Amino acid sequence: MSNIVLIGFMGVGKGSVAREVVKNSSYIAIDTDDLIESMENKKIKNIFDEIGEAYFRDLEKNVAHWLEKSVDNTLISTGGGFYKQKNINKIGTVVLLDSSFKEIIKRIKEHPNAKKKLKKRPLLADLKMAEKLYNERLPEYKKLADIVVDVTHKTAQECSKEILKKVKKYV
Ligand code: S3P
């Protein structure tokens with residue numbers, strides 16, 4: 001069993017799917033954003049506001065390096081921009097959670113914690129810019145992915161089962 005690396009746009013449900021994978025398997029889960037927040041003792045939003053995005057991307061690079069060298073048998077959920085790390089395919093089997101931009105925003109807005117979900121993501125503050133980012137990233141996400149899971153109209157549990165089934169070929 002090697003690592004599974006979950007990638008995909010902000011709000012696509014990486015966290016919820018990761019929790020389901022853990023429930024249905026013996027994987028341990030970690031999240032690159034959580035690692036960065038604890039390393040810095042700061043929320044992602046505050047890192048962006050007080051120090052800047054470039055600094056955050058450097059932290060992601062350090063995390064990517066550490067994951068490749070030191071982590072195994074783990075489900076790693078990543079921030080939406082983590083795909084830029086050049087060693088991502090060396091960290092594990094890359095699984096893209098795929099959905100249209102419209103569906104992602106709909107899902108966030110319908111969530112009981114919608115306000116919090118939008119507030120903690122600086123790159124979702126302007127939805128026009130976020131859509132542009134989505135359109136730029138989607139082909140890159142697809143190029144990197146070993147496995148693509150379309151999450152539209154699926155529960156997190158259904159997605160997790162699909163991942164665990166498809167990932168067997170790679171481990
Ligand atoms: C980002 C996504 C966020 C977080 C940061 C930047 C991005 O993670 O890493 O705000 O560049 O897409 P989520 O995808 O978990 O929201």
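Nothing here was measured: the structure is a model prediction, and the numbers come from that model. Whatever order the structure lists ligands and atoms in, that order sets their numbers, starting from 1.
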inquiry  = Using a 6.0 Å cut-off, check whether atom CG of Asn41 has over 12 heavy atoms from anything other than its own residue.
reply    = no
request  = Take atom CE of Met129 as the centre, draw a 6.0 Å sphere, and report whether it contains more than 12 heavy atoms from other residues, nucleotides or ligands.
outcome  = no
request  = Please check if the side chain of Asn89 supplies one atom and the backbone of Leu144 the other of a donor-acceptor pair under 3.5 Å.
outcome  = yes
request  = Apply the side chain to side chain contact (heavy atoms under 4.5 Å, CB included) test between Ile163 and each candidate in Ile147, Asn24, Leu6; give the one that qualifies.
outcome  = Leu6
ask   = Is it true that Asp49 and Lys45 make a salt bridge, defined as a side-chain N closer than 4.0 Å to a carboxylate O?
value = yes
remark   = Distance filter under 4.0 Å, heavy atoms only, around ligand 1 gives Met10, Lys14, Asp33, Ile44, Phe48, Phe56, Arg57, Gly79, Gly80, Gly81, Arg121, Pro122, Leu123, Arg137
request  = Return yes if some donor-acceptor pair links the side-chain N/O of Arg137 with the main-chain N/O of Tyr83 below 3.5 Å, else return no.
outcome  = no
